[in-house]
Colleague: 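Pasting a structure here, questions to come.
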Amino acid sequence: MNLTSDEIIQLKQAFNLYHLAEWEELRRRVEAGSFGDPKTSLVARLMTKSLEDVDEHGKGTELALCLHGFYLYYQAKYEESFDSFWSAHQRQSGWGSWSALGLGKVYSDLGKWEQARLWLCESLRLARQDADFDRMAECYGALGEVLLRTQHPTEAYELFSTDAALLPPGSGERLRLKNYQALCLGRLRKSELAEPMLFEGYYSAQNGAQNAASATFSLASLMTLSVLHRNRVLYERVKDIQANNSHSDTVESITQMPRGIMAVCDAAWCWFDRDALPLGSQQRAALDDKGLMALHDASQCFEAKYPIEHRWGVSLIERWQEGQQSVDSHAAWSKLSQRGDRPPSPSPVSPPSIIDRWVFDVDLSGGDLIQELSSGDVSEAWNKLRLFMI
Amino acid sequence: MPKPLIRLGLIGLNNQGKEHLQGALLSKRVQIVALCDRDPETLEKGCAILGDVATYTSHSEFLAHPQLEGIILALPHQVYEDIWDDVVAVGVPLLKEKPLGRTLSEAQSFLSRARANAVPIVTAIQRRMHPTYVNLKECLEGQTINAVTAMLHLGFDPAKKPDNWRGDPVRAGGGALLDSGYHMIDLVHYLIGSFEVIHANLWVHEAPALSTMLETDATLMGRVGSTWVRVESRVGGRPDPDRKGKFLKQERVEVETCRGIYTASRDAISLNGEEIWTSDRSWDQSMCLQLDHFEDRIQEDSFDDADVWDQVPVMRVIEQAYGFAQQVGPIPRPVGGST
């Protein structure tokens, strides 16, 4: 496949939409013909074609493989996505930072923190060489996610701040990063800083059509804080906002994650409340029903694109109803865990830049995502909301 | 015939002032003839180190000492503004401890008032005179530099607020960034030239520093051309594994070049892990060299604008870094420069 320079530019544009998870926007542009005839354009073909359709020796192949990798990644087809990124990376044709970023994000989603960090730092090293600020920003953000999910909020905050600093002025990503920074502050129990940031994020996002999705993310982050800090006042405030929100959710697919998380938070508050009620009481039974219904809603939100979150939701229902997980559930967790074990498990050869070496000083050894999510009873489970990125 | 010793006065005899006294003892080119500190006990201790020397508790009497050919200023940050006009009115060259000012505007104000009195200023930055860093700079000559990191951890307990002027944001003008961070930012300037700040984070323990607080931790990322910079300055540092509740004092500069990675601490330089230079880590020699350098300038009347203007980009970096950090908190930084 020999690509023209126009096609490479189109691929880059498409890639940027992919890596910002603007999947719907990309689909809209493809259908509107922004990338040429929707039936024949390269971008449109790569959105749907399989890996074998890509010529192994053509110019721009690595980029095309990356794009394909992200297409698969955002459908949670991690194994195929990994193969596409790895294939791209092996070609070493100057797009290494893009493919390494993809590999890092796949590992990160699967909770393979050490591998994620290795690849994201490799992507950062290559992007730094190319002065590719977009990729650098993306890497810092992705590393921030890894460190936040492994309970290093101070370091994560620094990474998200750096991500924000590298964004071009006016970038819509800034609101998302504010949410992340606020989550870090929340983990540091600085509610007096975190909550205003999230409310500010919510109201400023709500006022702009382009940032509509961010408003939902802000609310989900606030709800998470309410659960983690057992802050009922905050929870009720967010519920009031939700109830009075006339804003229609026009970006439903993007907000599946925050809507799922909010449903989990609703379930959590049902659990807290029913725990205070006597066994066998009607009120308790009603809260059981309400909580389980919320968990079913959450699982539905997660089902299409978030396999780990989905599995967690399903297992919470089991644990709530039966007090333990089923054999099938244990098997499903085990299968999920294996998805990140890619034989052979390649690692970058070059050490990270000295600029980013501090990220390697952070001890990630304690956190195994799958193990943490799959263990414990329901009463402990709500605190595990800290393991998710919203 | 040997040149006569240059006669200097030293005002401010706390930590940094004492370092200057030690440097003066080693120097064969300068003589400290007058000491000033408003605390008689501190003054007495300084006198005990130096021997025969005039002592003053009043800065105006000190500045009237008839033999002063230059003045070393090692005072708390907030004191300069009050005495600056008196100091520059003496009309002799000044060796002023860093920072040049608490803010960029204060630094610029000091410079312009000194210039109006035709008084040359040299900023005292001892790392520029330390043999290890001088040698590192020589090692880097002609090399492509990809990245520089500079780290200074003071090893103090960050939870313990200083009970002197350093514990007051207005008087100190800043925390870890302005204090120890200044040294490392200046050192990076010395090694590679000026750079632009991309981002900075300031913390008080585990919370972002709002502008009314004194930051205990500061990290900064910058860039010039294809060279990336990271500076890390902490009041504490990493926990000391051998002493519970204590922190490790650490200082390190790393430079990634086309030849590999140079790592320098005050006592050694290594290239790709192989030691290529060792030195005495103490400050005595560099403090002495700093005074000798000052003496040279006075003897030859050869003050170079670069001696002091070189500090303005450092102040600018610090100002930018505080600006980034303020994005967290709504309150402006409390200290303003004199107008």
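These values consider heavy atoms only, across backbone and side chains, with no hydrogens, waters or symmetry-generated copies. Below, chain A is the first sequence line, B the second, and so on; all start at residue 1.
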Colleague: Can you tell me how far OG1 of A/T154 sits from CG of B/D217, rounded to the nearest 0.5 angstrom?
Modeller: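 Going from CG on B/D217 over to OG1 on A/T154, the span is 9.0 Å.
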Colleague: For the atom pair CG (B/N146) and CZ (A/R128), what is the distance rounded to the nearest 0.5 Å?
Modeller: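 If we round to the nearest 0.5 Å, B/N146:CG and A/R128:CZ are 10.5 Å apart.
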Colleague: A/R189 versus chain B, heavy atoms under 4.5 Å apart: side chain, backbone, both or neither?
Modeller: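 The answer is neither part of A/R189.
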Colleague: At their closest point, which heavy atom of A/K190 faces which heavy atom of B/A207, and how far apart are they?
Modeller: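 Taking A/K190 first and B/A207 second, the nearest heavy atoms are CE-CB, 3.3 Å.
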Colleague: Determine the minimum heavy-atom distance between B/W203 and A/L188, stating which atoms define it.
Modeller: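 Smallest heavy-atom distance, with atoms named: CZ3-CD1, 3.8 Å.
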Colleague: Do you know which two heavy atoms are closest between B/V148 and A/I355, and how far apart they sit?
Modeller: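 Here B/V148 and A/I355 meet closest at O-CD1, 3.6 Å.
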Colleague: Charged N to carboxylate O under 4.0 angstrom, B/R230 versus A/D356?
Modeller: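 Salt bridge between B/R230 and A/D356, a charged N being under 4.0 Å from a carboxylate O: no.
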Colleague: What part of B/I198 gets within 4.5 angstrom of chain A, counting heavy atoms only: side chain, backbone, both, or neither?
Modeller: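 For B/I198, backbone and side chain are both near chain A.
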Colleague: Please list all pairs passing the ring-ring contact (aromatic ring centres under 6.0 Å, His included) test where one or both residues lie in residues 233-260 of chain B, with sequence neighbours left out.
Modeller: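 For residues 233-260 of chain B: none.
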Colleague: Would you please name every residue forming a side chain to side chain donor-acceptor pair (under 3.5 Å) with B/T263, sequence neighbours left out?
Modeller: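 Counting only residues at least two positions away or on another chain, B/T263 forms no side chain to side chain donor-acceptor pair (under 3.5 Å).
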Colleague: Rounded to the nearest 0.5 Å, how far apart are CD of A/Q129 and OG of B/S226?
Modeller: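 A/Q129 atom CD to B/S226 atom OG measures 10.0 Å (nearest 0.5 Å).
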Colleague: Check A/S161 against B/H199 and note the closest heavy-atom contact, atom names and distance.
Modeller: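 Closest heavy-atom pair between A/S161 and B/H199: CB-NE2, 2.9 Å.
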Colleague: Using 0.5 Å steps for rounding, measure from the CE atom of B/M221 to the CD atom of A/E158.
Modeller: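 Between atom CE of B/M221 and atom CD of A/E158 there are 7.5 Å.
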